[in-house]
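Let me begin by presenting the structure, written as structure tokens, before commenting on it.
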Protein chains: 4
Amino acid sequence: MRADARHNRARVLEAAEVVLARDGLSASIRAIARHAGVGLGTIYRHFPTQEALYQAVIIERAQRLVAEADALTVADDPGRAFFEFFTRIVENSTRNKTLADILTRAGLDPKAGTADISRDMRDAVERLLVRAQEAGAVREDLRMPELLALLGAACMAAERNQWDDELRTRTLTIVFDGLRPTGRHPASLLPPDFGSAP
Amino acid sequence: MRADARHNRARVLEAAEVVLARDGLSASIRAIARHAGVGLGTIYRHFPTQEALYQAVIIERAQRLVAEADALTVADDPGRAFFEFFTRIVENSTRNKTLADILTRAGLDPKAGTADISRDMRDAVERLLVRAQEAGAVREDLRMPELLALLGAACMAAERNQWDDELRTRTLTIVFDGLRPTGRHPASLLPPDFGSAP
Amino acid sequence: MRADARHNRARVLEAAEVVLARDGLSASIRAIARHAGVGLGTIYRHFPTQEALYQAVIIERAQRLVAEADALTVADDPGRAFFEFFTRIVENSTRNKTLADILTRAGLDPKAGTADISRDMRDAVERLLVRAQEAGAVREDLRMPELLALLGAACMAAERNQWDDELRTRTLTIVFDGLRPTGRHPASLLPPDFGSAP
Amino acid sequence: MRADARHNRARVLEAAEVVLARDGLSASIRAIARHAGVGLGTIYRHFPTQEALYQAVIIERAQRLVAEADALTVADDPGRAFFEFFTRIVENSTRNKTLADILTRAGLDPKAGTADISRDMRDAVERLLVRAQEAGAVREDLRMPELLALLGAACMAAERNQWDDELRTRTLTIVFDGLRPTGRHPASLLPPDFGSAP
DNA sequence: AATGAATGAGGGTTCATTCAT
DNA sequence: GATGAATGAACCCTCATTCAT
């Protein structure tokens with residue numbers, strides 16, 4: 001591919017990511033073209049269809065996530081890796097309205113072809129989960145469907161309602177406590193001196 | 001307002017509720033008019049704008065939710081009331097694509113006027129929460145923002161991904177375990193004989 | 001239907017006929033709207049699709065042709081009626097680029113539903129043909145497929161090349177001579193004093 | 001012109017001919033470039049405009065037709081040559097969507113410059129005609145305008161409606177009977193045993 | 001000279017909103 | 001007051017043509 005074409009393709013993807021993050025899936029191709037500073041035709045040269053472009057954005061994003069998950073898979077502390085991954089994804093969702101979609105898809109079609117990015121995502125998350133469970137950091141009875149459901153739900157909400165740092169922390173604390181093995185609730189939502197508990 | 005006008009307004013609202021529940025916010029005004037058996041103009045007589053109509057539907061729906069919450073507030077078992085409310089809303093979300101929006105709004109603008117329905121919603125949920133906390137069924141350090149965030153997130157995901165009964169149960173089990181006071185995990189996601197824990 | 005709607009529908013059809021006659025099937029909906037002095041939506045209110053509008057124009061035109069054919073069917077001189085019909089259609093084609101289409105269709109799907117206008121057209125032409133054959137004005141061995149082929153061909157060419165009166169007369173003279181029973185060539189293409197015949 | 005440029009020009013023309021034959025005048029420049037295995041720019045280097053390229057194709061095709069006509073002009077039987085030429089062209093029209101256009105043009109501008117291909121075409125056909133008339137195979141009063149009109153009409157219809165062998169034979173029988181001198185109708189459209197004529 | 005990437009006018013179509021009936 | 005016909009901006013997409021590589 002020619003240098004300028006590659007450049008423009010990247011510009012389009014970038015713009016699409018920004019505009020999708022801002023407008024959600026109702027973003028218009030024209031808005032993306034405007035944002036990217038290219039003509040309409042340029043977009044259609046690289047992506048045959050609106051659907052294809054949006055898919056590409058999602059796939060790109062997903063690939064980065066998978067890479068991140070893989071990087072964390074080899075981390076020292078499996079539990080920490082698992083929760084950190086969860087946190088990072090949700091954190092990113094505030095800025096990127098496509099993550100929920102990715103996770104939604106990952107949770108949706110478990111029989112998708114092996115080459116599928118949804119499958120990759122599922123697998124990457126599953127590796128993190130299994131390791132965390134083996135390390136005793138996550139309850140044994142947790143299965144992928146509800147994990148993806150939780151991840152997707154958190155992303156959707158964070159994306160839509162623009163969770164700030166505090167809200168994200170507090171909300172995930174609850175979820176994480178639910179994910180830990182019974183009996184262990186190391187974190188409290190209260191500041192140390194809140195002191196209303198008996 | 002004339003009797004027939006009042007009647008028509010009700011018909012429109014009813015139809016809008018059904019159609020919005022089915023199609024979500026992408027529902028078209030025309031679809032609602034058709035469903036209501038009235039002309040387009042009739043809708044615009046009562047609601048100046050699509051936005052206004054959808055707001056009205058959401059407000060109406062929210063009022064019913066508030067009523068439901070209030071009914072549960074006087075129930076015998078405050079903990080059970082709290083979790084039942086949570087469950088019911090999420091369950092309904094599969095069929096009604098309005099609920100996530102309502103909760104989203106409730107969580108969003110905490111400084112809205114006192115007369116606002118979001119405020120009512122917040123208050124109703126808060127009453128359920130406080131009673132459940134007083135009864136020791138919900139952790140003390142839980143605050144409204146994260147509760148509404150969790151509720152909204154679950155509704156959004158259930159609506160979008162059409163959670164089935166099993167997925168909903170399993171996912172909410174996690175969340176509820178996170179909501180309970182430390183140390184208490186009465187529910188397990190595993191069938192009794194799963195037995196893989198050491 | 002409301003009076004103004006009926007009026008506008010007629011205006012659209014009229015404009016479509018004019019524009020189609022001028023631009024052929026590549027006419028744009030926008031051009032028709034402009035010509036009719038109505039908005040785009042008005043056209044789509046009456047005709048769900050470009051295809052539907054063009055069909056409607058063709059059907060309307062065809063219905064008029066069928067009526068004309070029927071009127072001629074009861075004429076005194078069946079042979080004259082037959083040739084007059086042929087002539088008139090071709091004559092009209094100069095101004096109307098839809099006729100060839102109509103006849104094309106009539107020739108194409110002989111098994112179309114009974115209620116179809118193509119069928120009506122076929123039948124009307126066939127009645128004219130049979131009467132002319134019974135009167136000995138048209139050769140016995142002529143069948144519908146080639147008759148429609150000839151009619152369609154003449155219309156297409158007249159429409160496309162804008163046959164003037166003289167060209168039409170001379171060309172149809174040839175065709176008509178081919179249509180008459182063997183041995184009868186009453187017409188000559190030459191002016192009386194051309195005098196090259198033996 | 002450089003050798004490779006000349007080569008490419010030929011390739012483009014060839015491809016254009018194939019694609020135009022297949023798709024008619026609605027063929028896209030891109031399709032031709034693809035078929036020729038050259039870039040879009042190459043086409044535009046040799047032909048300033050889509051229109052110009054299509055003209056060139058038509059001229060080339062016409063030249064071959066003229067050659068064919070010329071070959072037949074020296075044939076033994078002038079009448080047979082004339083009718084064979086007519087038949088062949090119509091036959092080809094089913095597969096080649098260019099022919100109708102060529103004949104249309106030939107019939108259209110009788111005052112075009114002498115060097116014009118339309119003129120050549122006209123002349124070639126006229127030679128066939130005159131010889132056939134001199135041989136007594138075609139009526140004396142037939143002139144070029146109506147002959148070209150008939151040829152063009154038949155091609156157009158054959159192209160558009162994809163005349164099969166039988167329909168073409170039957171239709172041309174009529175036309176040819178009209179073209180023959182008065183009193184001679186050697187061919188019948190009926191099978192020998194049809195026997196309904198007196 | 002050749003390539004194909006970029007452009008943008010223009011095509012069909014939808015839908016919130018206005019307004020004559 | 002009710003109706004739904006009319007409007008036109010905006011949407012997705014195609015394709016002839018231009019121009020940087």
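FYI, side chains are in, hydrogens and waters are out, and symmetry mates aren't considered; it's all heavy atoms of this structure. Naming: A, B, ... by sequence-line order, numbering from 1 per chain.
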Which whole-number value in Å describes the distance from L53(A) CG to dC11(F) C1'? 15 Å
Which side-chain N or O atoms in residues 5-15 of chain A pair as donor and acceptor under 3.5 Å with protein atoms at least two apart or in another chain?
residue, atom, partner, partner atom, Å
R6(A), NH1, M1(A), O, 3.4
N8(A), OD1, R11(A), NE, 3.4
N8(A), OD1, R11(A), NH2, 3.3
R11(A), NH1, A36(A), O, 3.2

Taking only residues two or more places apart in sequence or in another chain, which ones pass side chain to side chain donor-acceptor pair (under 3.5 Å) with Y54(D)? Q50(D)
Between CD1 of I43(B) and C1' of dA2(F) the distance, given in whole Å, is 12 Å
Hey, does the side chain of T49(C) come within less than 4.0 Å of dT13(E)'s phosphate (OP1/OP2), counting only N and O? yes
Would you please name every residue forming a side chain to side chain contact (heavy atoms under 4.5 Å, CB included) with A158(C), sequence neighbours left out? V90(C), S93(C), T94(C), W163(C)
For DNA chain E, produce a single dot-bracket line, 5' to 3'. Pairs: Watson-Crick or G-U wobble, both distances under 3.5 Å. Symbols: ( ) within strand, [ ] crossing, | other strand, . unpaired. .||||||||||||||||||||
Here's a test of your reading of the structure: between R9(C) and Q50(A), which maps to the more 5' nucleotide of DNA chain F? R9(C)
Nearest 0.5 Å, what's the CG-CG distance between D101(D) and L20(D)? 9.0 Å
Residues in side chain to side chain donor-acceptor pair (under 3.5 Å) with R95(D), at least two apart? none
Expected list for residues 14-30 of chain B near DNA chain F, using heavy atoms below 4.0 Å, is none
Partner residues of N92(B) under the side chain to side chain donor-acceptor pair (under 3.5 Å) criterion, sequence neighbours left out: none
Rounded distance (Å) that lies between atom C1' of dG8(F) and atom CZ of R34(C): 14 Å
Just the table, please: protein N/O against nucleotides 18-21 of chain F N/O, every pair under 3.5 Å.
none

Could you tell me the separation between the CD atom of E51(B) and the C1' atom of dC15(E), rounded to a whole number of Å? 16 Å
Heavy-atom nearest nucleotide on DNA chain F for H46(C) versus R45(B): which residue maps closer to 5'? R45(B)
Let me confirm one number: the CG-OH distance from L53(B) to Y44(B), rounded to the nearest 0.5 Å. 9.0 Å
Across all chains, not counting sequence neighbours, the salt bridge (charged side-chain N to carboxylate O under 4.0 Å, His left out) partners of R45(D) are none
E17(B)/R64(B) ion pair, N-O < 4.0 Å: yes
So which one's nearest nucleotide on DNA chain E is more toward 5', G39(D) or N8(A)? G39(D)
Between atom CD1 in I32(B) and atom C1' in dC15(E), what is the gap in whole Å? 13 Å
Please list, chain by chain and in numerical order, all residues satisfying salt bridge (charged side-chain N to carboxylate O under 4.0 Å, His left out) with R30(D), sequence neighbours excluded. none
With sequence neighbours left out, write down each residue that passes side chain to side chain donor-acceptor pair (under 3.5 Å) with D23(B), or none if nothing qualifies. none
